[in-house]
There are 2 protein chains.
Amino acid sequence: MNIGQAANHSGVSAKTIRYYESIGLIPEASRTESGYRRYGDKDVETLRFIHHSRNLGFSVKDVGMLLDLWRNQKRASADVKALALSHIAEVDRKIEELRKMRDTLTHLTQRCHGDDRPDCPILEELAGETIDA
Amino acid sequence: MNIGQAANHSGVSAKTIRYYESIGLIPEASRTESGYRRYGDKDVETLRFIHHSRNLGFSVKDVGMLLDLWRNQKRASADVKALALSHIAEVDRKIEELRKMRDTLTHLTQRCHGDDRPDCPILEELAGETIDA
DNA sequence: ATTGACCTTCCAGCTTCTGGAATCTTTATA
DNA sequence: TATAAAGATTCCAGAAGCTGGAAGGTCAAT
């Protein structure tokens, strides 16, 4: 099938498939006589794997490692799990960071009356000393 | 003071101060005869404002708007509050997205025994149909 | 005079695509 | 058969927000 079909079946856009090829995440596709890329079911499966992994927030680099592990019949599941756990830790870190931000923001907005008067605790605190969120 | 001092006092690195100037977030600094940028307490205050805003996750573009509001004595606090509330909504959206990711990831890793055997539900599910996190 | 800490500019790279231009191929229709 | 639309190709640029590094000028102290 052509790249458009592969895109539809995998959830990865044609543009992005070409991009993944260009950075070496996926191997170069074979070509038709006229130069169109050709894809098979196996390729679509790989693209779907990538799509799912990206949806779970794995970096493209991590996805590369996951693909290697996936293709390697002799991998230890511990290696996969370690990668996933480390990613979970990273996600947790981000959540915590965002949660702190939101708490501070909520605190600030609650103290701002939000009418047509100019005085605003939000701006005052942003200009002050003590914001570390 | 020179840019290094301004950086130390504001928490914004010299490199980043120059960057902010280059994109117009802050006005061009005045210069000494030899070309060094000069900063005063007011400038440091502005940089600190920016630093705090960035720490709270506001985009540089939003920070530009906040700076305008801050400098405009006639602004309505409602405008500031609206910006902040909209940002909170965005932060909440991101938190929710990350939480979904983490839940799926946690689910996956729990089902992976994580030893030296090769079979791994994480990879199997990534290759499957049903991941939407 | 020299050292070292600053400062300057400019260019490149990070991450992950996405949009767009110019051009070719394939397919369908009039 | 002519032609038009859909889909493919390559390449360049831009998005956000810095950060690193090179090559070089300046300032203060020794």
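In what follows, every chain begins at residue 1, and chains take the letters A, B, ... in the order their sequences are listed.
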**Q** Rounded to the nearest angstrom, tell me the gap between atom CD in E21(B) and atom C1' in dG17(D).
**A** 16 Å
**Q** Give S59(A) one of three labels, base, sugar-phosphate or nothing, depending on what nucleic acid heavy atoms sit under 4.0 Å from its own.
**A**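 Counting heavy atoms under 4.0 Å across all strands, the contact made by S59(A) is with sugar-phosphate only.
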**Q** Is the side chain of R31(A) donor-acceptor paired with the backbone N or O of R37(A) at a distance under 3.5 Å, no angle test?
**A**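 No, because the side chain of R31(A) does not come within donor-acceptor range (under 3.5 Å) of the backbone of R37(A).
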**Q** Please state how far atom CZ in R38(A) lies from atom C1' in dT9(D), giving the value in whole angstrom units.
**A** 15 Å
**Q** For the side chain of Y36(A), starting at C-beta, report the closest nucleotide among dC27(D), dA8(D), dT19(D).
**A** dA8(D)
**Q** Return the value, rounded to whole Å, for the distance between atom CD of E33(A) and atom C1' of dT26(C).
**A**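 These atoms are roughly 14 Å apart.
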**Q** Could you tell me if the side chain of C112(A) sits less than 4.5 Å from the side chain of K81(B), heavy atoms only?
**A**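 Touching, per the 4.5 Å side-chain cut-off.
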**Q** Once you apply a heavy-atom cut-off of 4.0 Å, does I23(B) come out as touching a base, just sugar-phosphate, or nothing?
**A**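 Since no nucleic acid heavy atom lies under 4.0 Å of I23(B), the category is nothing.
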**Q** OP1 or OP2 of dC27(D) versus the side-chain N and O atoms of S34(B): is any pair under 4.0 Å?
**A**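 S34(B) to dC27(D) OP1/OP2: side-chain N or O found under 4.0 Å.
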**Q** Look at the side chain of Y19(A) and decide which nucleotide, out of dC18(D), dA8(D), dC17(C), has an atom nearest to it.
**A**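 Selected nucleotide (nearest to the side chain): dC17(C).
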**Q** Would you mind reading off the distance between K15(B) atom NZ and dG21(D) atom C1', rounded to a whole angstrom?
**A** 7 Å
**Q** Rounded off to whole Å, could you give me the CD-to-P distance for the Q5(B) and dA28(D) pair?
**A** 13 Å
**Q** Nearest whole Å is fine: how far is dT9(D) P from I17(A) CD1?
**A**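 The distance from CD1 of I17(A) to P of dT9(D) comes to 10 Å, rounded to the nearest Å.
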**Q** To the nearest Å, give me how far apart CE (M1(B)) and P (dC27(D)) are.
**A**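 So the CE-P distance, M1(B) to dC27(D), works out to 18 Å.
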**Q** Looking at dT9(C), I'd like to know if its phosphate oxygens (OP1 or OP2) sit under 4.0 Å from a side-chain N or O belonging to R37(B).
**A** yes
**Q** Report yes or no: do D119(A) and H113(A) form a side-chain donor-acceptor pair below 3.5 Å?
**A**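 Side-chain D/A pair, D119(A) to H113(A): present.
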**Q** Counting only side-chain N and O atoms of R18(A), is one of them less than 4.0 Å from OP1 or OP2 of dC11(D)?
**A**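 So the side chain of R18(A) is outside the cut-off, no N or O lying under 4.0 Å from OP1 or OP2 of dC11(D).
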**Q** Rounded to whole angstroms, how far apart are CZ on F58(B) and C1' on dA16(D)?
**A**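 Distance check: F58(B) CZ to dA16(D) C1' gives 17 Å.
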**Q** Where do Y20(B) and R54(B) land on the side-chain contact (heavy atoms from CB on, under 4.5 Å) test, with the steps shown first?
**A** CA-CA 12 Å; Y20(B) 286 160; R54(B) 294 287 298 130; 3.8 Å; yes
**Q** To the side chain of Y20(B), which of dC18(D), dC17(C), dT10(D) is closest?
**A**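 Minimum distance to the Y20(B) side chain belongs to dC18(D).
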**Q** When you measure from the side-chain N and O atoms of S13(B) to the phosphate of dT19(D), is any distance below 4.0 Å, counting only OP1 and OP2?
**A**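 Checking dT19(D) against S13(B), a side-chain N or O does come within under 4.0 Å of OP1 or OP2.
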**Q** Check every atom of dT9(D), dT19(D), dT8(C) against the side chain of I3(A) and return the nucleotide holding the closest atom.
**A** dT9(D)
**Q** Between dT18(C), dC27(D), dT10(D), which one does the side chain of R31(A) approach most closely?
**A** dT10(D)
**Q** Backbone N or O of L56(B) within a donor-acceptor pair of the H87(B) side chain at under 3.5 Å?
**A** yes
